[in-house]
Q: 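Mind having a look at this structure? Questions to follow.
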Number of protein chains: 2
Amino acid sequence: MTTLLNTAQRRAAVIKALAHPSRLLIADALQHGERCVCDLRELVGADLSTVSKHLTVMRQAGLLEMEKRGLNVYYRLRCPCLMSFFECVDSLAPKREKRERRNSSTGSCKLRI
Amino acid sequence: MTTLLNTAQRRAAVIKALAHPSRLLIADALQHGERCVCDLRELVGADLSTVSKHLTVMRQAGLLEMEKRGLNVYYRLRCPCLMSFFECVDSLAPKREKRERRNSSTGSCKLRI
DNA sequence: TCAATACTTGGCAATTTCGCCAAGTAAAGC
DNA sequence: GCTTTACTTGGCGAAATTGCCAAGTATTGA
């Protein structure tokens with residue numbers, strides 16, 4: 001009972017840390033390997049402080065890990081399975097209420113469970 | 001370029017619709033099949049209007065579909081692959097900065113890509 | 001030791017989200 | 001038609017999020 005809620009709260013903390021266009025852009029870039037903050041700043045196109053705060057949020061949620069080398073700080077994804085999820089998210093058509101109710105156990109999702 | 005941003009914005013809209021403990025509780029319950037709003041209200045333990053608004057957000061994001069039968073409205077998940085993602089989310093340890101940097105291509109994720 | 005670079009942190013205003021209450025709608029039963 | 005049930009919608013204050021600027025920290029190089 002209370003455990004279900006706890007699970008939901010833990011999950012929500014992680015998912016919230018992902019629920020922002022700039023942070024998704026960052027996650028996508030990190031899929032190909034680590035990047036320093038200034039690279040990500042260029043990608044996102046926001047103030048360096050803004051990007052840094054986004055990265056802190058993602059790191060505290062457990063999505064990223066960081067490592068300082070010289071003057072730079074490099075961030076990496078901690079869970080590559082994110083990309084599977086993005087495919088799943090992308091498969092949700094923007095048009096509402098598509099007519100595909102009868103095979104509701106598989107839906108339109110391109111991924112196997 | 002601009003397409004990358006568009007993709008991120010579309011994804012963020014869906015993920016935001018998921019980034020709340022009550023909505024995750026709802027998603028979890030719907031994994032086992034459709035539920036009417038009053039069932040979900042009981043599960044979430046909030047005002048009926050609050051639950052209804054959560055459901056509207058999730059439906060507009062493409063996560064759910066609804067069907068009215070008699071007095072009740074039934075909601076269903078549109079994408080069962082969500083559950084794979086939750087396993088992934090759950091695998092992100094709450095303790096920060098675990099010492100597991102060398103195999104960064106697979107990480108601690110229990111799912112295959 | 002002094003300056004430059006690459007960040008992080010504090011603070012704050014603007015925007016968004018959240019959850020309740022009250023009011024509205026739609027189907028069912030009498 | 002009237003009532004009940006099962007929602008949905010409007011509205012509003014409270015709380016959280018977002019993004020910039022300014023200031024602080026840490027490493028490098030001269």
Q: Specify the separation, in whole Å, of atom NZ of A/K16 and atom P of D/dT18.
A: 9 Å

Q: With side-chain contact (heavy atoms from CB on, under 4.5 Å) as the test, pick out the partner of B/R41 among B/L55, B/T50, B/L48.
A: B/L48

Q: Return the value, rounded to whole Å, for the distance between atom CG of A/L71 and atom C1' of D/dT27.
A: 5 Å

Q: Heavy atoms from C-beta onward define the side chain here; which of C/dC18, C/dG19, D/dT27 lies closest to that of A/K68?
A: D/dT27

Q: Do the side-chain N or O atoms of A/H54 get closer than 4.0 angstrom to the phosphate oxygens (OP1, OP2) of D/dT17?
A: no

Q: Counting the atoms with a prime plus P, OP1 and OP2 as sugar-phosphate, which does B/R69 contact under 4.0 Å by heavy atoms, base, sugar-phosphate, or nothing?
A: nothing

Q: Measure the distance from CG on B/N72 to C1' on C/dA28 and round it to the nearest whole Å.
A: 11 Å

Q: Could you tell me whether a side-chain N or O of A/R78 sits under 3.5 Å from a main-chain N or O of A/G62, the two making a donor and an acceptor?
A: yes

Q: Take the protein atom CG of B/L25 and the nucleotide atom C1' of C/dC18, then report the distance between them rounded to whole Å.
A: 16 Å

Q: I need the CE-C1' distance between A/M58 and C/dT8, as an integer number of Å.
A: 17 Å

Q: When you get a sec, tell me which of D/dT18, C/dT9, D/dC7 is the closest nucleotide to the side chain of A/R23?
A: D/dT18

Q: Starting from P on D/dT9, measure out to CG on B/L55 and report it in whole angstrom.
A: 11 Å

Q: Does A/S49 make a side-chain N or O approach to OP1 or OP2 of C/dT8 shorter than 4.0 Å?
A: no

Q: So if I take every side-chain heavy atom of B/H20 and compare against C/dC18, D/dT18, C/dT8, which nucleotide ends up nearest?
A: C/dC18

Q: Tell me: CE of B/M66 to P of D/dA6, nearest whole Å?
A: 16 Å

Q: Using a cut-off of strictly less than 4.0 Å, decide whether A/T50 has a side-chain nitrogen or oxygen near OP1 or OP2 of D/dG19.
A: no

Q: In whole Å, I'd like the distance from the CZ atom of A/R41 to the C1' atom of D/dC20.
A: 13 Å

Q: Looking at A/M58 and A/A17, what are the two nearest heavy atoms and their distance?
A: CG-O, 3.5 Å

Q: Could you report the tightest heavy-atom contact between B/A27 and B/L77, atom names first, then the distance?
A: O-CD1, 3.8 Å

Q: Given D/dC7, is OP1 or OP2 found less than 4.0 Å from the side-chain N or O atoms of B/Y75?
A: no

Q: If we only count heavy atoms from C-beta on, is the B/V37 to B/N72 side-chain gap below 4.5 Å?
A: no

